[in-house]
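Each remark here refers to the structure printed beneath this line.
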Amino acid sequence: WFYCMNIAVPTTVQMGIHQVDENVKGVALRRNYLDTGFTVFRRTADGTEAAGVQDFLYGRDADFELFLEPGDYVILP
């Protein structure tokens, strides 16, 4: 999965990924959490450039906040 967005004005973007709590009844005991993180690319006339990267984290939740200037972006969780 990836997400595309167009930012019209300077904006602070907040992103989050949340996995099912392994303590919830009915969740398979063998289900491990995945390493999660974000990479945000800015699309330009010359291709793409990294606008922000969050290192991979092992855990149920990953949150990321990034200030983006106007432009087109691709978000890879």
Worksheet item: Tell me, do Phe64 and Val40 make a side-chain contact under 4.5 Å, heavy atoms counted?
Response: yes
Item to complete: Say whether Ile7 and Ile75 are linked into one hydrophobic cluster, either directly or through other cluster members, by side-chain heavy-atom distances under 4.5 angstrom.
Response: yes
Item to complete: Measure across Pro10 and Phe67 and return the closest heavy-atom pair with its distance rounded to 0.1 Å.
Response: CB-CZ, 3.5 Å
Fill in: Path from Met5 to Met15 over hydrophobic side-chain contacts below 4.5 Å
yes
Discussion item. With a 4.5 Å cut-off on side-chain heavy-atom distances among I, L, V, M, F, W and Y, is there a chain of contacts connecting Val74 to Leu68?
Written reply: no
Worksheet, complete the sentence: Residues Phe2 and Cys4: closest non-hydrogen pair is CE1-SG, 3.7 Å
Worksheet entry | Linked, directly or transitively: Tyr3 and Tyr73 (ILVMFWY side chains, under 4.5 Å) | yes
Worksheet item: Between Thr11 and Val13, is there a donor-acceptor pair closer than 3.5 Å when you use the side chain of the first and the backbone of the second?
Response: no
Practice prompt. For the pair Arg42 (side chain) and Gly52 (backbone), establish whether a donor and an acceptor sit closer than 3.5 Å, ignoring hydrogens and angles.
Written response: no
